[in-house]
Structures are given as structure tokens and as C-alpha cells.
Amino acid sequence: DVQMTQSPSSVSASVGDRVIITCRASQDISDSLAWYQQKPGKAPKLLIYAASTLESGVPSRFSGSGSGTDFTLTISSLQPEDSATYFCQQANTFLLFTFGPGTRVDIK
Amino acid sequence: EVQLVESGGGLVRPGGSLRLSCVASGFTLSGYAMNWVRQAPGKGLEWLAYISPSRDSIYYSESLKGRITVSRDNARNSLYLQMDSLRVEDTAVYFCARRRAVGVATTYFDNWGQGTLVTVSS
């Protein structure tokens, strides 16, 4: 199984701050990575796929980068509605699918 | 509008069985692979099962293989998850999720249901 790790596990930032979340895979997964946002009591929402492609309707302050084993999700200017938990996901079908443990983003 | 609605959750004793359903609307189910993902209370996401549109490819998480069976009825726009020999640690919200394919070998989850809660307790 491909193991996914994320850091930090939680972050508290002010509105307008830049927030960076990292995700690492235990083996090379090329660009087969997605990022999801989940708010309490809700289903996850796809934000970014193929490591850097923004899902339709997702604000442009979200961006993704990386390839191989190291990936990042950047929120360029944090907004109150971005308070949520963010998960990365390994998406290579032949390696099956694993999620990172999540990063909780709070607004100061 | 794409909609996925799960049902069938509830309280079950350890060792019991449950069958979850997911009804799709707003798209043609037969054109998409589907998945089940769960989330234990306060925990992260765990992928459970994948089924291709024509059922010719089915994959399971190694941790639950042998205790779960995924199936689908495209004519009824429905996806199912049969869970047997349930354990306390299977307590979770169970989501169905549609596959977004980017190329042949990748699976992203682009639409999710609201989830159904399964509680395993004596």
C-alpha cells in the first residue's frame, strides 16, 4: 500500500494569510494526487486533481503543485469559509487509493 | 445536478450484517465507476471498494476484503455495499463517491453522497 502523510496536522492562520499544506507519498505516484476539503458534518469536496488541476467552481486562491512523492496545497489568501480539514489522496488505480490523515485549518 | 443519496445505515450488533444503498440521479450511473469510502467518528477517510461501470473490475481495501461486497444495478441507478461480520471498529459514516477518471489509471472522487451512519455496538 502507498502510505500518505500530511503536515502540519493543524494550522491556525489569519484571514489573508498564505497557508501551505504538504503531502508525501511513500512511493512515486507521478501526478496522481487529489486534494479534498471537508467541513464538519459534510462530505468531502474535490478541490484539485492531477496534483495541480483546479476543479471547476473552486476559487483560484487554491492551488496545488508537486510530482513524484512530494505535493503541496496552497491557499494564497485565507478566507473565513476556508476553515475545514484538508485531505490528500493517492489516485493511482493500480495502487488502490489511500488518503492522508488530514490537516485542520482554523481561522485565528 | 448530480446527486448521490445513501441509505441503510443504523445500529447493528457485532457480528451482524448490513446492506447499504446509494441512489444516483442527475447523471447516467452506467457511465461511471463508483466507490465506497468511510470515515470513523473524528477520524480520516478510508477507501473501501471500487466497482467499474460494467462490474468487470472490482477492487477492495485489503483491510476489509472478505467482509464486504460491492455491487450495482445500473437500471435502478443504484450502488450497494454488503457488509458482514461487522465489528465495533466498523462504526463510521459510509459515503458513496463517483469516479472522475483522468486517463486510464487514475481515480478521483468528484461527487459524494451525504453519507449514512453505521453504528456497531452491543
Side-chain angles (χ1 to χ4, degrees), chain A residues 1-10 21 23 25 27-58 64 67 71 73 84-104, chain B residues 1-6 9 22 24 27 32-53 56-65 68 70 92-117:
Chain A
D1 282 10
V2 180
Q3 306 302 316
M4 307 298 292
T5 57
Q6 283 182 238
S7 62
S9 57
S10 66
I21 299 168
C23 176
Q27 65 185 78
D28 189 336
I29 59 170
S30 185
D31 65 350
S32 300
L33 186 103
W35 289 97
Y36 299 86
Q37 176 193 65
Q38 186 180 33
K39 296 183 178 180
K42 301 292 188 183
K45 173 187 173 185
L46 178 64
L47 296 178
I48 287 168
Y49 62 94
S52 60
T53 302
L54 199 65
E55 174 71 342
S56 177
V58 173
S67 183
F71 302 87
L73 172 69
T85 300
Y86 294 83
F87 296 94
C88 61
Q89 175 231 333
Q90 183 290 116
N92 184 314
T93 307
F94 301 115
L95 299 175
L96 301 184
F97 318 112
T98 44
F99 292 89
T103 295
R104 179 173 165 171
Chain B
E1 180 197 2
V2 172
Q3 253 196 320
L4 296 167
V5 179
E6 301 93 338
C22 169
F27 69 102
Y32 291 86
M34 297 294 294
N35 296 265
W36 287 98
V37 177
R38 73 179 179 182
Q39 187 170 37
K43 301 296 183 183
L45 300 166
E46 181 184 14
W47 169 80
L48 303 178
Y50 166 109
I51 183 168
S52 63
D56 54 352
S57 294
I58 292 177
Y59 309 124
Y60 295 108
S61 166
E62 283 297 323
S63 62
L64 278 89
K65 202 180 239 183
I68 60 172
V70 63
V93 175
Y94 287 72
F95 298 98
C96 60
R98 191 180 79 169
R99 178 194 187 207
R100 159 85 53 82
V102 178
V104 173
T106 55
T107 292
Y108 305 102
F109 309 117
D110 69 351
N111 282 274
W112 299 62
Q114 84 290 346
T116 187
L117 177 62

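Excluded from the calculations below are hydrogen atoms, water molecules and symmetry mates; all remaining heavy atoms, backbone and side chain alike, are included. Sequence lines set the chain letters: A, B, ... in the order given, protein chains first and strands last, and positions in each chain run from 1.
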ask   = Does any heavy atom of chain A fall under 4.5 Å from the side chain of Asn35(B), the backbone, both, or neither of them?
value = side chain
query = Going by distance alone, is a donor N or O of one side chain under 3.5 Å from an acceptor N or O of the other, for Ser30(A) and Ser32(A)?
reply = no
inquiry  = Report which part of Val37(B) has an atom under 4.5 Å of a heavy atom belonging to chain A: side chain, backbone, both, or neither.
reply    = side chain
note = Bottom line for Phe95(B): the part with an atom under 4.5 Å from chain A's heavy atoms is side chain
inquiry  = Is the shortest side-chain heavy-atom distance between Leu47(A) and Phe87(A) below 4.5 Å?
reply    = no
request  = Counting only heavy atoms closer than 4.5 Å, note whether Leu95(A) contacts chain B via side chain, backbone, both or neither.
outcome  = neither
query = Among Ala50(A), Gly41(A), Pro101(A), who wins on heavy-atom pairs under 4.5 Å with chain B?
reply = Ala50(A)
request  = Give me the one residue out of Ile51(B), Leu48(B), Leu64(B) that meets side-chain contact (heavy atoms from CB on, under 4.5 Å) with Trp36(B).
outcome  = Leu48(B)
query = In a check of side-chain contact (heavy atoms from CB on, under 4.5 Å) between Trp35(A) and each of Thr103(A), Ile21(A), Val58(A), which one passes?
reply = Ile21(A)
task = Could you look at Tyr49(A) and say if it's the side chain, the backbone, both or neither that has a heavy atom under 4.5 Å from chain B?
result = both
ask   = Do Met4(A) and Leu33(A) touch side chain to side chain, with heavy atoms closer than 4.5 Å?
value = yes
request  = Run the numbers on Arg38(B) and Tyr94(B) for side chain to side chain donor-acceptor pair (under 3.5 Å), then give the verdict.
outcome  = CA-CA 4 Å; Arg38(B) 73 179 179 182; Tyr94(B) 287 72; 3.0 Å; yes
Chain B contacts, top residue of Lys45(A), Gln38(A), Lys42(A) (heavy-atom pairs, under 4.5 Å) = Gln38(A)
remark   = chain A shares the most heavy-atom pairs under 4.5 Å, among Tyr50(B), Trp112(B), Tyr59(B), with Trp112(B)
task = For side chain to side chain donor-acceptor pair (under 3.5 Å), just list the numbers for Tyr36(A) and Gln89(A), CA-CA rounded to whole Å, side-chain angles, deciding distance to a tenth of an Å, and then say yes or no.
result = CA-CA 8 Å; Tyr36(A) 299 86; Gln89(A) 175 231 333; 2.6 Å; yes
key: Heavy-atom contact with chain A under 4.5 Å, split by part of Tyr60(B)   = backbone
